[in-house]
A.B. asks: 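Take this structure, written in structure tokens, and hold onto it; I'll ask about it next.
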Amino acid sequence: MSTTASNDTVRIPLPELHDLACRVLRRQGLSQAHAEAMARTIVAGQRDDCQSHGVYRLITCAHTIRAGKVDLQAEPVLAPASGAVVRVDARYAFSPLAFERGLPALVEAARTHGLGALVIQHCFHFSALWPEIEAITAHGLAALALTPSHAWVAPAGGHQPVFGTNPIAFGWPRPGPTPFVFDFATSAIARGDLELHRRAGKPLPPGCGVDAQGQPSTDPVAIAQGAMLAFGGHKGSALSAMVELMAGALIGDWMSRESLAFDAGDGAAPCHGELILAFDPARLSGGDPAAHQQRAEEMFAAITGQGARLPSQRRYEARARSLAEGVAVPRALYAEIQALAG
Ligand code: NDP
Ligand code: PYC
């Protein structure tokens, strides 16, 4: 055990944290394959200092399991190949294993057709999207991922929830290990961050939500009873609607309102589908992809050259720290997780 500690944080070597996450998930009854795939996603979140989608998710996944609707053992089913579309039925299990099982066929579809679409259906979804995006950019492909969640977010101009927090994530492959990636909720704040504020008894920044009477509030409890707001007013609201349509209606799976209705007050993770697109620059650029890649690099240099940062830079720096020094976990959270591991 090489865990080190400061007053409010413990630092744990990456393999040790992965083992702990697997133990917790196995103890909740998940199959080895699901536990491993989920632990990879959850530990990657903590490693990159994404507190809302790191090991805190072990607690929310355990709660989701207790609600009794997740299939803890179901093997994802990959449909027979059909052009550029790869379908994986998660069969009401958690999503990471379904993604891992669909990834090779998605890469193959993108290489064959220039564009591949991975449709995951019937999954409980709890994770950040950038681990999936990075798994695709590692193959030299660009990627876009969309997923609904639970209806927590009011449309611009309204005050009743219709949309999920509906993340959009994009990745562009670059030379070296760090692709250009962004990944954000289309709500002003992710639900996970709202929950962390609620747990810490802290107010949210202004503009994140309204209370049950439709009045602006910074109280996470009042906003949970009212509605969260989209980022950027009508623009975030329209993007969120797009996610509902593309990763819900288009792929024949639930939108956020249906996911919340299925939850029926359990407070479990959302249940719906996910749409993940992969694009092959070698096929789509019409020739000389290296030259076009170079033009992309010039654009990145124009951003960083003036002191602005690229999205994911903070994450990559946190990753480097975690790999060198171990992963930082808030002490109180670590104790909760150890209790879950028994
Ligand atoms: P953030 O607002 O923390 O970050 C959004 C993106 O912007 C990141 O890529 C971030 O990079 C980048 N960024 C932040 N600040 C800057 C800056 N100053 N300059 C350039 N880029 C910047 O994300 P959210 O809180 O909205 O979402 C957090 C996570 O929650 C996401 O990973 C998302 O997938 C997940 N989520 C999942 C949902 C689900 O249904 N499964 C629902 C909603 C959210 P960096 O990380 O380096 O700071
Ligand atoms: O943080 O909004 C969120 C979220 C929803 C589902 C998983 N994370």
Side-chain angles (χ1 to χ4, degrees), residues 38 41-42 44-54 56-61 63-64 94-96 98-99 120 123-134 137 143-153 161 163-172 178-198 204-205 207-209 220 223-224 228-232 236 239-240 243-244 247-248 253-256 259-260 263 267-276 300 303-304 306-321:
M38 291 167 69
T41 300
I42 286 170
Q46 196 69 32
R47 178 201 65 198
D48 284 16
D49 191 20
C50 297
Q51 297 297 331
S52 62
H53 290 78
Y56 164 62
R57 289 288 148 187
L58 292 169
I59 293 168
T60 62
C61 286
H63 176 79
T64 297
F94 287 110
S95 62
F99 172 78
I120 298 178
C123 64
F124 282 84
H125 206 294
F126 65 84
S127 68
L129 302 187
W130 56 260
E132 297 174 351
I133 294 290
E134 285 192 31
T137 56
L144 181 65
L146 314 168
T147 187
S149 61
H150 278 328
W152 289 311
V153 181
F163 305 137
T165 43
N166 296 4
I168 299 177
F170 171 78
W172 178 269
T178 55
F180 173 88
V181 175
F182 69 75
D183 176 13
F184 52 73
T186 48
S187 45
I189 195 164
R191 187 71 173 194
D193 271 327
L194 179 146
E195 288 164 15
L196 292 180
H197 279 76
R198 181 182 52 72
L204 297 175
C208 290
I223 292 172
M228 300 171 75
L229 294 175
F231 84 90
L239 285 174
S240 202
V243 174
E244 296 288 338
D253 211 317
W254 284 339
M255 294 190 269
S256 298
S259 172
L260 191 63
D263 186 70
C271 180
H272 46 70
E274 181 176 354
L275 177 64
I276 302 154
F300 296 136
I303 296 171
T304 55
Q306 56 182 295
R309 80 155 164 102
L310 296 178
S312 291
Q313 183 186 319
R314 179 199 63 82
R315 264 194 324 105
Y316 296 146
E317 287 167 7
R319 183 180 305 181
R321 257 191 329 274

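Remember, it's 1-based here, ligands and their atoms both numbered in the order they're listed. Quick note: residue numbers are just sequence positions, from 1.
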A.B. asks: Counting heavy atoms only, which of A169, S149, S52 comes nearest to atom 40 (O) of ligand 1?
C.D. replies: S149
A.B. asks: Are a donor atom and an acceptor atom from the side chains of N166 and T186 found within less than 3.5 Å of each other?
C.D. replies: no
A.B. asks: Looking at every non-hydrogen atom in both residues, tell me the closest pair between F126 and H53 and how far apart they are.
C.D. replies: O-CD2, 3.3 Å
A.B. asks: Where does I189 meet ligand 1, judged by heavy-atom distances below 4.0 Å: at the side chain, the backbone, both, or neither?
C.D. replies: neither
A.B. asks: Just jot down the ligand 2 atoms closer than 4.0 angstrom to any heavy atom of T165, in number order.
C.D. replies: 2 (O), 3 (C), 5 (C)
A.B. asks: Counting non-hydrogen protein atoms only, what is the nearest one to atom 12 (C) of ligand 1? Give residue, atom name and distance.
C.D. replies: P311 CB, 3.8 Å
A.B. asks: Tell me, which protein residue and heavy-atom name are nearest atom 24 (P) of ligand 1, and how many Å apart are they?
C.D. replies: A185 N, 3.9 Å
A.B. asks: Provide the closest heavy-atom pair for P131 versus T41 in the form atom of the first, atom of the second, distance.
C.D. replies: CG-CG2, 4.4 Å
A.B. asks: Ignoring angles and geometry beyond distance, decide whether A190 reaches within less than 3.5 Å of ligand 1 through its nitrogen or oxygen atoms.
C.D. replies: no
A.B. asks: How close does the nearest protein non-hydrogen atom get to atom 25 (O) of ligand 1, and which residue and atom is it?
C.D. replies: D193 OD2, 3.8 Å
A.B. asks: Looking only at protein heavy atoms, which one is nearest to atom 32 (O) of ligand 1, and how far off is it?
C.D. replies: D183 OD2, 2.6 Å
A.B. asks: At a non-hydrogen distance cut-off of under 4.0 Å, which region of P148 contacts ligand 1 (side chain, backbone, both, or neither)?
C.D. replies: backbone
A.B. asks: Counting from 1, what ligand 2 atoms have a heavy atom of F126 closer than 4.0 Å?
C.D. replies: 7 (C)
A.B. asks: Could you go through R315 and E134, starting from their C-alpha distance and side-chain angles, then the distance that decides it, and tell me whether this counts as side-chain contact (heavy atoms from CB on, under 4.5 Å)?
C.D. replies: CA-CA 12 Å; R315 264 194 324 105; E134 285 192 31; 3.0 Å; yes
A.B. asks: Out of S95, A308, S312, A318, whose heavy atom is nearest to atom 10 (C) of ligand 1?
C.D. replies: S312
A.B. asks: With a 4.0 Å heavy-atom cut-off (strictly under), which part of Y316 contacts ligand 1: side chain, backbone, both or neither?
C.D. replies: neither
A.B. asks: Answer side chain, backbone, both or neither: which part of R57 comes under 4.0 Å from ligand 2, heavy atoms only.
C.D. replies: side chain
A.B. asks: Taking D263 for its side chain and A268 for its backbone only, find out whether a donor-acceptor pair lies under 3.5 Å.
C.D. replies: yes
A.B. asks: Kindly identify the option in H53, Q313, H125, R309 whose heavy atom sits closest to atom 18 (N) of ligand 1.
C.D. replies: R309
A.B. asks: Are the side chain of R57 and the backbone of S52 linked by a donor-acceptor contact shorter than 3.5 Å?
C.D. replies: yes
A.B. asks: Identify, for atom 1 (O) of ligand 2, the protein heavy atom at the shortest distance, and state residue, atom and that distance.
C.D. replies: G192 N, 2.8 Å
A.B. asks: Measuring from non-hydrogen atoms of P270 to any atom of ligand 1, is the shortest distance under 4.0 Å?
C.D. replies: no
A.B. asks: Under 4.0 angstrom from ligand 1, any heavy atom of C50?
C.D. replies: no
A.B. asks: Any sub-3.5 Å donor-acceptor pair from S259's side-chain atoms to H150's backbone N or O?
C.D. replies: no
A.B. asks: Considering only non-hydrogen protein atoms, determine which one is nearest to atom 43 (C) of ligand 1 and report residue, atom name and distance to 0.1 Å.
C.D. replies: T165 OG1, 3.5 Å
A.B. asks: Report yes if L129 has an N/O atom closer than 3.5 Å to an N/O atom of ligand 1; otherwise report no.
C.D. replies: yes
A.B. asks: For atom 45 (P) of ligand 1, which of the options E317, E274, R314, R319 provides the nearest non-hydrogen atom?
C.D. replies: R314
A.B. asks: Looking at T64 and T60, would you say the former's side chain and the latter's main chain have a donor-acceptor pair under 3.5 Å?
C.D. replies: yes
A.B. asks: Under the 3.5 angstrom rule, does the side chain of E244 hit a backbone N or O of G164 as a donor-acceptor pair?
C.D. replies: yes
A.B. asks: Knowing that exactly one of H272, H125, M38 qualifies, which makes a side-chain contact (heavy atoms from CB on, under 4.5 Å) with S95?
C.D. replies: H125
A.B. asks: Please confirm whether H53 comes under 4.0 Å of ligand 2, counting heavy atoms of the residue only.
C.D. replies: yes
